[in-house]
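Chain letters run A, B, ... following the sequence lines, proteins first, then strands; residues in each count from 1.
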Amino acid sequence: MNLHEYQAKEILARYGVPVPPGKVAYTPDEAKRIAEELGKRVVIKAQVHVGGRGKAGGVKLADTPQEAYEKAQAILGMNIKGLTVKKVLVAEAVDIAKEYYAGLILDRAQKRVVLMLSKEGGVDIEEVAAERPEAIHKFWIDPHKGFRAFEAREMVKQAGLEGNLNKLAQVLVALYQAYEGVDASIAEINPLVVTTEGQIVAADAKIVLDDNALFRHPELMELREIEAEHPLEVEASNYGFAYVKLQGNIGIIGNGAGLVMYTLDLVNRVGGKPANFLDIGGGAKAEVVYNALKVVLKDPDVKGVFINIFGGITRADEVAKGVIRALEEGLLTKPVVMRVAGTAEEEAKKLLEGKPIYMYPTSLEAAKAIVAMVGGAA
Amino acid sequence: MILINRETRVLVQGITGREGQFHTRQMLEYGTKVVAGVTPGKGGSEVLGLPVYDTVKEAVAHHAIDASIIFVPAPAAADAALEAAHAGIPLIVLITEGIPTLDMVKAVEEIKALGSRLIGGNCPGIISAEESKIGIMPGHVFKRGKVGLISRSGTLTYEAAAALSQAGLGTTTTVGIGGDPVIGTTFKDLLPLFNQDPETEAVVLIGEIGGSDEEEAAAWIKENMKKPVVGFIGGRSAPKGKRMGHAGAIIMGNVGTPESKLKAFAEAGIPVADTIDEIVDLVKKALG
């Protein structure tokens, strides 16, 4: 789950990372009031779950409260990569002397959290990583010992950061404590600023939470913004489906993430475009399949559906029963192509005999058939 | 065969739960030597005629145990795996999906230090065809044969095993290593075992987008593998930054792309199948 910058900064501040004073505004009036309270030059920043908001014009400086009002007015309601800006962060502008990068992320290969530190902050770190990997210094944190102050100091020296050594190290230690404390999967300060007065502040921050650990953090679960997600993704998650909305017109339902991914690949290979990823999981009963069809067919983009089932623990006849229920209730307004194999395959085929469901013996043939029916990619 | 055979004695952690009971019955029917179960607070009871203990320590005091399979819910799953490792069980199969990543980071390191091998989490387990199943896969699709199978996926693995079986090639041992970002055992940890196994003539490696385990495996294969390997990559059409069902199946920035994996396979001379049926063709071709 992605957090907004202001939410990430609230968390970091709680763990002792200095952040510029600021508050969230939902209206230009609120932005003006916050700017008055701060009594200084402010920066107005769009709070949307998408990168590149600076380039899109979603970050502006304001010298006076009146200007804060105007800039907030310009940013609120702005569309950034398909998302409408509903709130802005109004924060004290910082006078930058140095901009650094500090980020924590899971290193899957090392199976440890890695701290990345660079003198080259304030820019896209992935570009730095691609062009000049030597500019990024890494430290893999022992999960049982945690990240200690001396290790942080050594990192600061190694990366060549200038500024108060102890304070910089404290920020890094606090960043790790926050990462562990909220079960993050990414925690990043970019830029980590040394101001002209020598203060160290997190001028921008990003935290992504580990969805698997949200049960431990009910207070963070409340930060989930349903309206920022695709309505079908919300509905699917209420049914417990792994569902991803995609850009095409062929609805995909399958059992098992690997099989569904494979089905998407096949449809693409034969010139079609999937409208979604939907995994009904293992051991699904008829009702689950029925619900999956409901979700997929609610998508106005969907012109046909491909159901791909390999019966293991999941019984193919249960899947067939779910499809038949949807059929009998008049839900199947679009062509449905199916391929079933494995456990209870024969029973499933018998149940579906004579029904207006197109059955194919292999995934590839079924993929070709559905693509032929709905037409290729638009 | 690697890791398990018909003699392997198995403990089931979380045996009294719905999943635990269902799959224990399935494993027993397959012929797996399940000897006992553990559920904290349910010690002294019986499930399917098997004794249930409160702790793994008690179970190992009463039984010789070679492997444990865990069906404990996600919040307690990493703890259950640690319990098994501390009790000295050498092989731990963690089925549970949805375990917090930092729990796994801690557990994986500690279990390794204790000298146990962890498979998973979020995995279908291990099956040595027609001998023993420590997992949740449908046993009947695995016919005994000559191909070793390692996979990050579940259902797709069953498909591949069924196709190999139908083609008369069959499988030796199949290991579902799991779809999470941090797992106990990766492709490259298992390849040396298949390399040494006299029964295994070829290995199929079913990878998917996310992480760099396939790249590491390819590098190892290039240097060390004596047997033909056939690859497969799932999620080749998946968009960047979207988690495709498995928590680990996500392309982050430039890491985990199908291009990188295909390139690594190509450099190691590993043929890559575009479809499941093609896996069979490529294995046949490799075996001559």
At a heavy-atom separation under 4.5 Å, does [X] approach chain B through its side chain, its backbone, both, or neither?
| X | value |
| --- | --- |
| A:Asn268 | side chain |
| A:Ile186 | side chain |
| A:Ala242 | side chain |
| A:Phe215 | side chain |
| A:Leu278 | neither |
| A:Asp279 | neither |

Which word best sums up how the rings of [X] and [Y] line up, parallel for under 30°, tilted for 30 to 60°, or perpendicular for over 60°?
| X | Y | result |
| --- | --- | --- |
| A:Phe139 | A:Phe147 | tilted |
| A:Tyr179 | A:Tyr176 | parallel |
| B:Phe232 | A:Tyr262 | perpendicular |

Listed by chain and number, what are the side-chain contact (heavy atoms from CB on, under 4.5 Å) partners of [X], not counting sequence neighbours?
| X | result |
| --- | --- |
| A:Asp265 | B:Arg236, B:Ser237 |
| B:Glu83 | B:Gln13, B:Thr55, B:Val56 |
| B:Lys242 | A:Glu233, A:Val244, B:Pro239, B:Met244 |

Decide yes or no on side-chain hydrogen bond (donor to acceptor under 3.5 Å, both in side chains) for B:Thr155 and A:Asn255, but give the supporting numbers first.
CA-CA 7 Å; B:Thr155 322; A:Asn255 64 320; 4.5 Å; no

Under 4.0 Å between a Lys/Arg side-chain N and an Asp/Glu carboxylate O for A:Arg216 and A:Asp210?
no

Using a 4.5 angstrom heavy-atom cutoff, name the option from [options] with the most pairs to chain B.
| options | answer |
| --- | --- |
| A:Gly342, A:Pro143, A:Gly256, A:Ala257 | A:Pro143 |
| A:Leu246, A:Leu364, A:Leu266, A:Leu106 | A:Leu106 |
| A:Gln247, A:His144, A:Glu180 | A:His144 |

Proximal component of [X], with respect to chain A [non-hydrogen, under 4.5 Å]:
| X | value |
| --- | --- |
| B:Ile206 | neither |
| B:Glu97 | neither |
| B:Pro75 | both |
| B:Arg152 | side chain |
| B:Val141 | side chain |

Could you tell me whether the side chain of A:Asp211 and the main chain of A:Met1 form a donor-acceptor pair under 3.5 Å?
yes

Give the minimum heavy-atom separation between B:Met137 and B:Lys133, together with the two atoms involved.
O-NZ, 2.6 Å

What residues of residues 207-216 of chain B sit under 4.5 Å from chain A when you count only heavy atoms?
B:Glu208, B:Ile209, B:Gly210, B:Gly211, B:Ser212, B:Glu216

Relative to chain A, which of [options] shows the most heavy atom pairs under 4.5 Å?
| options | result |
| --- | --- |
| B:Ile99, B:Asn254, B:Ile233 | B:Ile99 |
| B:Val108, B:Asp277, B:Thr275 | B:Thr275 |
| B:Ile276, B:Val255, B:Val182, B:Ile136 | B:Ile276 |
| B:Ala74, B:Gly256, B:Pro258, B:Gly235 | B:Gly235 |
| B:Gly234, B:Gly245, B:Pro138, B:Pro181 | B:Pro181 |

Looking at [X], I'd like to know if its [atom1] atom is crowded, meaning that more than 12 non-hydrogen atoms belonging to other residues, nucleotides or ligands lie closer than 6.0 Å.
| X | atom1 | value |
| --- | --- | --- |
| A:Gln110 | CD | yes |
| A:Lys111 | NZ | yes |
| A:Lys245 | NZ | yes |

Drop me the distance from A:His217's NE2 to A:Ile11's CD1, to the nearest 0.5 angstrom.
9.5 Å

Spatial distance of atom CG (B:Leu28) from atom OH (B:Tyr30) [nearest 0.5 Å]:
13.5 Å

